[in-house]
Each structure stands twice: as C-alpha cells, then as structure tokens.
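First the structure, in the form of structure tokens, and then the observations on it.
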There are 2 protein chains.
Amino acid sequence: MKRIEVIKRLLKEKLELKGGNLTEQRVAVFDYLSQVENHPTAEEVFLAVKRKMPKISLATVYKNLEALVECGLISKLAHGDGAARYDIRTDQHYHTHCLKCGKILDMDIEDDLLAGLSIPEDFVATGYRLELLGHCSNCK
Amino acid sequence: MKRIEVIKRLLKEKLELKGGNLTEQRVAVFDYLSQVENHPTAEEVFLAVKRKMPKISLATVYKNLEALVECGLISKLAHGDGAARYDIRTDQHYHTHCLKCGKILDMDIEDDLLAGLSIPEDFVATGYRLELLGHCSNCK
DNA sequence: ACAAAATCAATAATAATTATCCTTTTTATT
DNA sequence: AATAAAAAGGATAATTATTATTGATTTTGT
C-alpha cells in the first residue's frame, strides 16, 4: 500500500472519533508535517502545501492543524515568542529552542524527568513541557 | 527606609547598567509585580497600575516590562496560548500552568533537573523552561 | 539652570490567529 | 445513484497581543 494511502487510513480513523472528515487538505497538511525534520509554523506549512495545492487557504491550514491536534495526530508547540509550531510527534519528548532563529528541534532523551518530581497537591498534572533554550548550530 | 525607596534604589542601580533611567512608571510596574503572588499579563499590570497612576499608557507598561526584563529585574513567561506573563523572580524555578484559566504559579523544587541531562553537542544551552501542565485547584 | 537624552502617552501599525459568510465537498439517507 | 444534511473549504474581516511612531514631557549630566 502506498504511503499516502496509509496516511489516509490513519487520518480517517482518528478523525472519525471526533466526528471529523477526511479531506485532501488535511491529508496534505499531515503529509507535509510527516516529511519534515523540523517543526514548522502554520505559515510555513501553508506555503509548502500551497505548492501542491495552490487554492488552499491559510485559514484552512490553521483549522486543519487545530483539527489534527484535537484528535491527537500532531502536537502544537506554543512557546510564546512568535508563531506556534507543529510537530508530527505526539509522544512525550523534549526540544531545543533557538532563541535567535526560533527553530525547534527534537532532543532525544529517554529519562522521564517528572519521575522524581514532587507535584503540588492541589494541581492535577496532565503533562509537562521541557524546552532547552539557547543557540542552534547555525546561530551560535 | 521605606519599601518604595528600596525598590527605587534597586531599580536605579540595575537600570543604569543598561543605560536606562529610573521613572515613576517603572517603579510602579515593578512594585506591583513584587506585591502579587501570581504572574500577571501586561494587560493586568496595566489595569492595576492605572488605578494609582491613571495617565499611564498600555504601551508604556509593555516597554517598561521589556526594560525590566532586559536588565534582569523580572522575567517573562511566554507560553504561547494567549498573552505573555511576567514574574518578579529571575532565579531558575518551575511553574504549574493551568490549561483552563491560564494561571501560572510557582512550584518550589530544589532539584536541578538539567543536571543529568545529555545536551546535544551542537547546541549551546543558556537555560531551560519546565512547565507542569494541567488544572489548578479552581478549575479541576 | 539648561541642553541632550531618555521616556512618556496616544495612537497607528503589525503579526498571529480566529471568526464570518457563503460556496463546495463529503457523508448519510432514500 | 440522487439528494438532503452536515462538515469543511476559501476569501476575507475581525480580534488579540505586541511593537513602532511621533511629538510632548521628564530625567540626567554638565
């Protein structure tokens, strides 16, 4: 089975759980994200997808990224300074975040940092975010 | 010596290092931040300071928060979803971040989580950010 | 006290994102 | 397969958070 067919099957399954539909635009957005190493902004996804699908709208990209996040197919990296970024991975992992160019990259470490952490009683933790801040190879 | 005099002396000293001046607006912004337990947005700081200093502008609050961050007197918590928040503390510490109401609170833990972390070679780390995500006592 | 520099207030502009509104596509039902 | 209902798309307006601009005011160094 072709790669794109695998993606369509996965998306259809996951989207249906939330009452969403499979569309060509959603496939294109997800497909692009799954091909890149970095974590692009909505704008970057838009520009890339636009090349293969010239009529797609930026608003559609935003809406579809949101829909994919909703059904757990991708994750959103909102770091505050500048635009949010999107990540094909949904498992817990950490990132390096360049303060100069804003690029976010995966950092592969197996340790569960929260393991030994004493969480406040009155707070229900559902997850956590760890980012290493600094300068990437290009910017240092 | 009165509290406000202590603040003025501290601000004057730190601001001068960056070529900045001591102004009543800066004192008011810093003073407010040092009195609250939570980490307010620029808008919230503006509304609070406005009560004592009705002519102050929102843009001034933004500029002054930025100036205070620049000279290391406060820190900025940019978490992406919504407005940035400001914190009187500048030492390394962690936060709980409520996904419902957006409130950010301090989490006091002594451990240095980065101690055992293997940082990628081509990345120059200057700091890190850890946030515990979930629901606060009011929202759970 | 006075000139130069910095900051202020008001407001315009920008950037990122979300909402609106009408058309098109997809899905469910006959 | 035809068709109605629901969902999604595209274009663009609106919103939100923030930054830039500009001319008036305040602060600082001499």
Side-chain angles (χ1 to χ4, degrees), chain A residues 8-9 11-30 39-47 49-71 73-74 76-86 101-102 104, chain B residues 8-9 11-30 39-47 49-71 73-74 76-86 101-102 104:
Chain A
K8 282 185 183 175
R9 179 185 288 188
L11 259 63
K12 194 174 179 67
E13 179 198 338
K14 294 285 183 182
L15 282 163
E16 277 174 354
L17 295 175
K18 295 270 178 180
N21 294 342
L22 181 71
T23 68
E24 288 306 310
Q25 289 83 351
R26 281 171 187 180
V27 172
V29 166
F30 184 86
H39 308 315
T41 62
E43 182 81 28
E44 286 164 354
V45 174
F46 169 64
L47 292 173
V49 171
K50 197 180 173 68
R51 284 201 289 271
K52 298 203 169 183
M53 191 180 273
K55 296 202 65 176
I56 198 170
S57 159
L58 176 58
T60 298
V61 172
Y62 269 104
K63 281 187 283 193
N64 287 348
L65 286 168
E66 203 51 48
L68 293 171
V69 169
E70 289 276 297
C71 60
L73 283 160
I74 65 173
K76 181 177 185 175
L77 311 177
H79 50 71
D81 8 354
R85 290 165 176 277
Y86 295 87
C101 68
I104 295 183
Chain B
K8 281 186 184 174
R9 179 186 288 187
L11 258 64
K12 193 173 180 70
E13 179 199 338
K14 294 284 183 182
L15 282 163
E16 276 175 355
L17 294 175
K18 295 272 178 180
N21 294 343
L22 179 72
T23 66
E24 287 305 311
Q25 290 83 350
R26 281 172 186 180
V27 172
V29 165
F30 184 86
H39 306 314
T41 62
E43 182 81 28
E44 286 165 354
V45 174
F46 169 64
L47 292 174
V49 171
K50 198 181 173 65
R51 284 201 289 272
K52 299 203 168 183
M53 191 180 273
K55 297 203 65 177
I56 198 170
S57 158
L58 175 59
T60 298
V61 171
Y62 270 104
K63 279 186 289 190
N64 287 347
L65 286 168
E66 204 50 50
L68 293 171
V69 169
E70 290 277 297
C71 60
L73 283 160
I74 65 173
K76 181 177 184 175
L77 312 176
H79 51 71
D81 11 352
R85 289 165 177 276
Y86 295 87
C101 68
I104 296 183

Applying side chain to side chain donor-acceptor pair (under 3.5 Å) to B/Arg26 and not counting sequence neighbours gives B/Asn64
Going from CD on A/Gln25 to NZ on A/Lys55, what distance comes out if it is rounded to the nearest 0.5 angstrom? 10.5 Å
Going by the rule side chain to side chain contact (heavy atoms under 4.5 Å, CB included), which residues pair with B/Glu24 if we only count those two or more places apart in sequence or in a different chain? B/Lys8, B/Met53
Judged by atom type as modelled, is there a donor-acceptor pair below 3.5 Å linking the side chain of B/Glu44 to the main-chain atoms of B/Thr41? yes
Between which nucleotides of DNA chain D, read 5' to 3', does contact with chain B run, using atoms under 4.0 Å from its heavy atoms? D/dA17 to D/dT28
Within residues 54-65 of chain B, residues whose heavy atoms come under 4.0 Å of DNA chain C: B/Lys55, B/Ile56, B/Ser57, B/Ala59, B/Thr60, B/Lys63, B/Asn64
Search all heavy atoms of A/Phe46 against all heavy atoms of A/Leu58 and return the closest pair with its distance. CE1-N, 3.3 Å
For A/Lys12 versus A/Leu22, what's the shortest heavy-atom pair and its separation? N-CD1, 4.0 Å
Residue pair B/Cys71 / B/Leu15: nearest heavy atoms and the distance that separates them: SG-CD2, 3.9 Å
Exercise: identify the closest heavy-atom pair between A/Lys76 and A/Glu66: NZ-OE1, 3.9 Å
Show, in sequence, the C-alpha distance, side-chain angles and deciding distance for B/Arg9 and B/Glu13, and conclude whether the side chain to side chain contact (heavy atoms under 4.5 Å, CB included) test is met. CA-CA 6 Å; B/Arg9 179 186 288 187; B/Glu13 179 199 338; 5.5 Å; no
Heavy-atom closest contact (B/Leu68 atom, B/Val29 atom, distance): CD1-CG1, 3.9 Å
Within a radius of less than 6.0 Å around NZ of B/Lys14, do more than 12 heavy atoms belonging to other residues, nucleotides or ligands occur? no
In B/S/- notation (B base, S sugar-phosphate only, - none; protein heavy atoms under 4.0 Å), nucleotides 24-30 of chain C written 5' to 3' is --SS---
Nearest-nucleotide comparison on DNA chain D, the residue closer to the 5′ end among B/Ala42 and A/Gly19: A/Gly19
Estimate the overall bend of the helix from C/dA1-D/dT30 to C/dT30-D/dA1 from the end axes over five pairs each, rounded to 10 degrees. 30°
Write down the atom of A/Leu73, the atom of A/Phe30, and the distance for their closest heavy-atom approach. O-CE1, 3.7 Å
